[in-house]
Number of protein chains: 2
Amino acid sequence: MDTRTPAPESSPWLPFESRRRARDEKREAVLRTAVQLFLEQGYHRATLNEVADRLNITKPALYNYFRSKEDILFECWVMGQERVEDRITEIESADGNGLATLRMLVRAYAAIMASDFGASLVRFNVADLSEPNQKITLAGKRRIDRAFRNAIKQGIADHSIKSCDVKLTAFAILGALNWVGHWYKPGGELSPDQIADDFAIRLTADIAKQLDKKPSEKKAAKPVRKRPSR
Amino acid sequence: MDTRTPAPESSPWLPFESRRRARDEKREAVLRTAVQLFLEQGYHRATLNEVADRLNITKPALYNYFRSKEDILFECWVMGQERVEDRITEIESADGNGLATLRMLVRAYAAIMASDFGASLVRFNVADLSEPNQKITLAGKRRIDRAFRNAIKQGIADHSIKSCDVKLTAFAILGALNWVGHWYKPGGELSPDQIADDFAIRLTADIAKQLDKKPSEKKAAKPVRKRPSR
DNA sequence: TACATATATTACCCAAGGGTAATAAAAAGT
DNA sequence: ACTTTTTATTACCCTTGGGTAATATATGTA
């Protein structure tokens with residue numbers, strides 16, 4: 001009977017906590033459903049009724065968790081951005097020369113782009129967000145851009161990367177990466193990790209000073225990591 | 001009096017022709033205005049009333065030239081696609097090894113991406129088009145993809161390009177190029193031609209066999225062409 | 001002048017869908 | 001068991017904006 005509620009009288013917080021957790025889980029379930037629908041049909045064609053339907057609830061129930069449709073859109077973006085920023089922070093705090101850092105960034109970012117929340121970073125239209133939220137997304141983009149540029153700059157400084165135009169180099173790399181969010185479909189020939197590993201070499205091959213084996217002709221080069229994505 | 005109508009009785013076709021020309025010009029003016037608005041605000045936020053306002057006409061007048069809003073969207077896409085395909089045909093019929101062809105493709109495609117109709121190719125949501133039109137755009141994308149892959153294949157065959165994974169190489173290059181359509185804003189530091197020339201070298205540097213001067217550190221490398229874009 | 005053809009306007013329709021009010025059902029707390 | 005709080009439902013409102021019908025106005029034609 002009390003097997004699943006451990007010492008209920010001793011900790012009145014546990015129920016509260018578990019309740020908050022359940023709430024957060026539902027909130028996230030909404031976001032997962034919404035982001036999929038938004039990616040499939042586009043933000044405007046996707047209706048809140050359909051989001052609710054997929055969750056086996058009704059539209060007004062969504063308003064227990066979000067203030068508006070735009071709020072849902074924004075929170076989807078936040079989910080993706082948080083993942084990216086977490087990885088950036090992690091990578092920047094690790095040691096390694098500029099080239100190594102850049103390659104870790106490429107690998108991490110590519111893998112995220114092959115996920116729904118990651119793709120939402122580049123497939124959603126900024127104009128669909130409120131003014132303040134647009135500012136936030138802009139700051140987020142700058143944060144990502146800065147991380148890549150810093151790695152390149154560092155690489156030039158520590159001679160692991162050839163001298164190059166930092167801005168355009170970052171644009172080219174981020175462009176190729178962002179585009180993953182547009183073409184990657186789960187279930188294709190390449191896994192996110194394969195793409196990530198391949199791109200880490202491919203997109204840095206021209207600016208890397210030490211020359212390493214280029215991606216092999218048929219398949220991705222480096223051993224595939226196991227972490228499942230998406 | 002008859003100064004502007006040259007020999008009206010001898011050629012009853014001229015008035016008709018000039019009338020058709022005027023109509024086509026108006027049609028194109030609608031598209032130019034629409035594509036700008038769609039890019040600024042997104043397809044769904046942009047209203048036909050606003051398109052019409054900018055042209056100093058009223059909404060129903062638009063229906064003299066287009067069947068629906070979706071039709072306008074599609075025709076914008078067609079404008080961009082035609083420009084790309086024209087250049088591709090031109091480049092493919094020229095001679096030169098695979099690398100040279102690839103670089104011409106990159107240069108041409110980058111410049112187009114920095115134009116409104118070009119950007120519409122990658123900024124519009126395919127889901128906003130009708131089923132048949134979606135098929136057409138898909139075929140168009142394949143055509144572009146094929147051109148790039150063929151150039152790479154040819155380059156590998158004629159030894160101007162290193163052996164590499166053709167598909168992923170094309171993805172990376174086209175990704176960086178398509179992204180131009182997202183970040184390029186006229187009036188920035190770099191002109192479309194500067195970007196085009198720089199990317200032609202930059203995006204092919206790692207797979208080119210003969211080594212050439214990499215893009216210089218500060219600015220775009222090759223001499224800037226004069227043709228005004230956008 | 002009369003006629004025909006485009007081309008434009010005004011005034012309207014109406015479906016879609018985001019959002020809310022009132023209320024019921026379920027869960028938690030006491 | 002009784003109360004309170006959360007969470008969900010039904011029923012509805014109402015703006016927005018694509019699209020159309022009826023009609024006027026040029027523009028060219030006979």
Side-chain angles (χ1 to χ4, degrees), chain A residues 1-2 4-30 34 37-38 41-74 127-130, chain B residues 1-2 4-30 34 37-38 41-74 127-130:
Chain A
M1 207 196 222
D2 55 12
R4 60 184 61 238
T5 50
E9 72 289 347
S10 72
S11 172
W13 293 36
L14 260 192
F16 173 80
E17 263 298 304
S18 75
R19 195 149 147 173
R20 196 184 58 71
R21 258 242 316 283
R23 185 184 168 80
D24 285 354
E25 273 161 23
K26 286 186 197 163
R27 221 184 110 96
E28 223 181 286
V30 172
L37 247 168
F38 292 169
Q41 316 187 352
Y43 174 64
H44 285 96
R45 304 192 82 81
T47 70
L48 290 187
N49 273 319
E50 202 170 343
V51 173
D53 274 354
R54 289 203 185 179
L55 292 160
N56 297 314
I57 55 175
T58 56
K59 181 175 62 175
L62 296 173
Y63 285 82
N64 275 315
Y65 305 98
F66 300 94
R67 275 191 300 279
S68 64
K69 192 185 184 188
E70 189 260 332
D71 190 23
I72 295 178
L73 181 73
F74 178 66
D128 289 329
L129 295 170
S130 68
Chain B
M1 206 188 221
D2 55 11
R4 60 184 62 237
T5 51
E9 71 290 348
S10 71
S11 171
W13 292 35
L14 260 192
F16 174 81
E17 262 300 303
S18 75
R19 197 146 146 174
R20 196 183 58 71
R21 258 242 317 282
R23 184 182 168 83
D24 286 354
E25 273 160 23
K26 285 185 198 163
R27 222 184 109 95
E28 226 183 281
V30 172
L37 244 169
F38 293 169
Q41 316 187 350
Y43 174 65
H44 285 95
R45 303 192 82 82
T47 71
L48 290 187
N49 272 320
E50 202 171 342
V51 173
D53 273 356
R54 289 204 185 179
L55 292 160
N56 296 315
I57 55 176
T58 56
K59 181 176 61 174
L62 296 174
Y63 285 81
N64 275 315
Y65 304 98
F66 301 94
R67 275 191 300 279
S68 64
K69 192 186 185 187
E70 190 261 331
D71 190 23
I72 295 178
L73 181 72
F74 178 66
D128 289 328
L129 295 171
S130 69

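Below, all heavy atoms of this structure are taken into account, side chains as well, without hydrogens, waters or symmetry copies. Every chain is numbered from 1 and lettered A, B, ... according to where its sequence line falls, protein lines coming before strand lines.
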Problem set entry | Parallel, tilted or perpendicular, as decided by the 30° and 60° cut-offs, for the rings of A:Phe38 and A:Tyr43 | perpendicular

Value in whole Å for how far the [atom2] atom of [N] lies from [atom1] of [X]:
X	N	atom1	atom2	answer
B:Phe66	D:dT20	CZ	P	15 Å
B:Asn64	C:dT10	CG	P	15 Å
B:Asn56	C:dA8	CG	C1'	13 Å
B:Leu37	D:dG17	CG	P	12 Å
B:Phe38	D:dG18	CZ	C1'	12 Å
A:Arg27	D:dT7	CZ	P	12 Å
B:Asp53	C:dT10	CG	P	11 Å
A:Asn49	D:dC12	CG	P	16 Å

Seminar exercise, completed: DNA chain C nearest-nucleotide lookup for A:Glu70 and B:Ala61: closer to the 5′ end is B:Ala61

Seminar exercise, completed: Walking DNA chain C from its 5' end, the first of A:Arg67 and B:Tyr65 to be reached, judged by nearest nucleotide, is B:Tyr65

Consider the side chain of [X], meaning its heavy atoms from C-beta on, and name the nucleotide among [options] that approaches it most closely.
X	options	answer
B:Thr47	C:dG17, D:dG17, D:dG19	D:dG17
A:Ser68	C:dG19, D:dG19, D:dT9	C:dG19
B:Thr58	C:dT9, D:dG17, D:dT10	C:dT9
A:Tyr63	D:dT9, C:dG19, C:dT7	C:dG19
A:Pro60	C:dG19, D:dT9, D:dA21	D:dT9

Problem set entry | Stepwise side-chain contact (heavy atoms from CB on, under 4.5 Å) test for B:Ile72 and B:Leu48 | CA-CA 10 Å; B:Ile72 295 178; B:Leu48 290 187; 4.0 Å; yes

For this session: Give the C-alpha distance, both sets of side-chain angles, the deciding distance and a yes or no for side-chain contact (heavy atoms from CB on, under 4.5 Å) between B:Lys69 and B:Leu62.
Result: CA-CA 9 Å; B:Lys69 192 186 185 187; B:Leu62 296 174; over 6 Å; no

Exercise. With distance as the sole criterion, do the side chain of A:Lys59 and the base of C:dG19 form a donor-acceptor contact below 3.5 Å?
Worked result: yes

For this session: May I ask you to verify whether the side chain of A:Lys69 and the base of C:dG17 hold a donor-acceptor pair under 3.5 Å?
Result: no

Exercise. OP1 or OP2 of D:dT6 less than 4.0 angstrom from a side-chain nitrogen or oxygen of A:Arg23, does that happen here?
Worked result: no

Exercise. How is B:Ala52 classified with respect to the nucleic acid when contacts are heavy atoms under 4.0 Å: base, sugar-phosphate, or nothing?
Worked result: nothing

Exercise. Just checking B:Lys26: base, sugar-phosphate only, or nothing, at a heavy-atom cut-off of under 4.0 Å?
Worked result: sugar-phosphate

Exercise. For A:Ser130, does its backbone N or O pair with a side-chain atom of A:Glu70 as donor and acceptor, under 3.5 Å?
Worked result: yes

Problem set entry | Worked check of side-chain contact (heavy atoms from CB on, under 4.5 Å) between B:Asp53 and B:Lys59 | CA-CA 8 Å; B:Asp53 273 356; B:Lys59 181 176 61 174; over 6 Å; no

